[in-house]
Amino acid sequence: MAALREEQTLADLAAQFEVHPNQITDWKRQLLEHAAEVFGGAQRPAPVDLAPLHAKIGQQALELDFLARALSKAGGLGAKL
């Protein structure tokens, strides 16, 4: 990013970041060539349908409640869930 700002010379940047000036030049060129891909209109992932997950959570909650009541009726063998 410092190379893009062009506030310092290439030699100063190379000394500051302890890399060869050619490496900075290569990185700058690569960023300029691919900036649209990196920062551009990347597609968002498709939204997830949460309804089946909520249904499954509800089903499991009912099953746990049923099992807790069954255990307590069977003689209190289990602790309260």
Side-chain angles (χ1 to χ4, degrees):
M1 297 304 295
L4 289 176
R5 288 188 212 109
E6 296 181 350
E7 295 172 350
Q8 296 174 301
T9 66
L10 194 56
D12 290 338
L13 291 174
Q16 178 183 351
F17 296 109
E18 299 177 357
V19 295
H20 195 275
N22 289 347
Q23 185 66 55
I24 294 174
T25 303
D26 288 343
W27 287 337
K28 181 179 175 181
R29 178 187 48 79
Q30 290 172 3
L31 178 61
L32 291 175
E33 288 174 358
H34 301 287
E37 297 169 19
V38 174
F39 301 108
Q43 294 182 358
R44 291 185 171 182
V48 177
D49 184 17
L50 296 178
L53 297 174
H54 288 155
K56 186 67 174 178
I57 291 170
Q59 176 187 354
Q60 289 178 344
L62 286 173
E63 290 171 357
L64 284 173
D65 191 42
F66 172 80
L67 291 173
R69 278 185 271 138
L71 280 174
S72 67
K73 287 182 182 178
L77 298 175
K80 186 74 175 168
L81 295 177

Trainee: What's the spacing between Gln23 CD and Lys28 NZ if we round to 0.5 Å?
Mentor: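 With rounding to 0.5 Å, CD (Gln23) is 14.5 Å from NZ (Lys28).
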Trainee: Is there a path of hydrophobic side-chain contacts, each under 4.5 Å between heavy atoms, that joins Leu32 and Met1?
Mentor: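 Yes, one cluster joins them.
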Trainee: Quick one: pull up CD in Gln30 and CG in Asp26 and give me the separation to the nearest 0.5 Å.
Mentor: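 The CG atom of Asp26 is 6.0 Å from CD of Gln30, to the nearest 0.5 Å.
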Trainee: Output side-chain donor-acceptor pairs under 3.5 Å for residues 9-16, partner residues at least two apart or in another chain, one line each.
Mentor:
residue	atom	partner	partner atom	Å
Thr9	OG1	Asp12	N	3.1
Thr9	OG1	Asp12	OD2	3.0

Trainee: Tell me, please, which residues at least two apart from Glu7 pass salt bridge (Lys or Arg N to Asp or Glu O under 4.0 Å).
Mentor: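 Glu7 satisfies salt bridge (Lys or Arg N to Asp or Glu O under 4.0 Å) with no other residue.
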Trainee: Using the test salt bridge (Lys or Arg N to Asp or Glu O under 4.0 Å), find all partners of Glu18 that sit at least two apart in sequence or belong to another chain.
Mentor: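 Partners of Glu18 by the salt bridge (Lys or Arg N to Asp or Glu O under 4.0 Å) criterion come out as none, since no residue qualifies.
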Trainee: Give the table of side-chain donor-acceptor pairs shorter than 3.5 Å for residues 47-64, with sequence neighbours excluded, one pair per line with atom names and distance.
Mentor:
residue	atom	partner	partner atom	Å
Asp49	OD1	Ala51	N	3.4
Gln59	NE2	Glu63	OE2	3.1

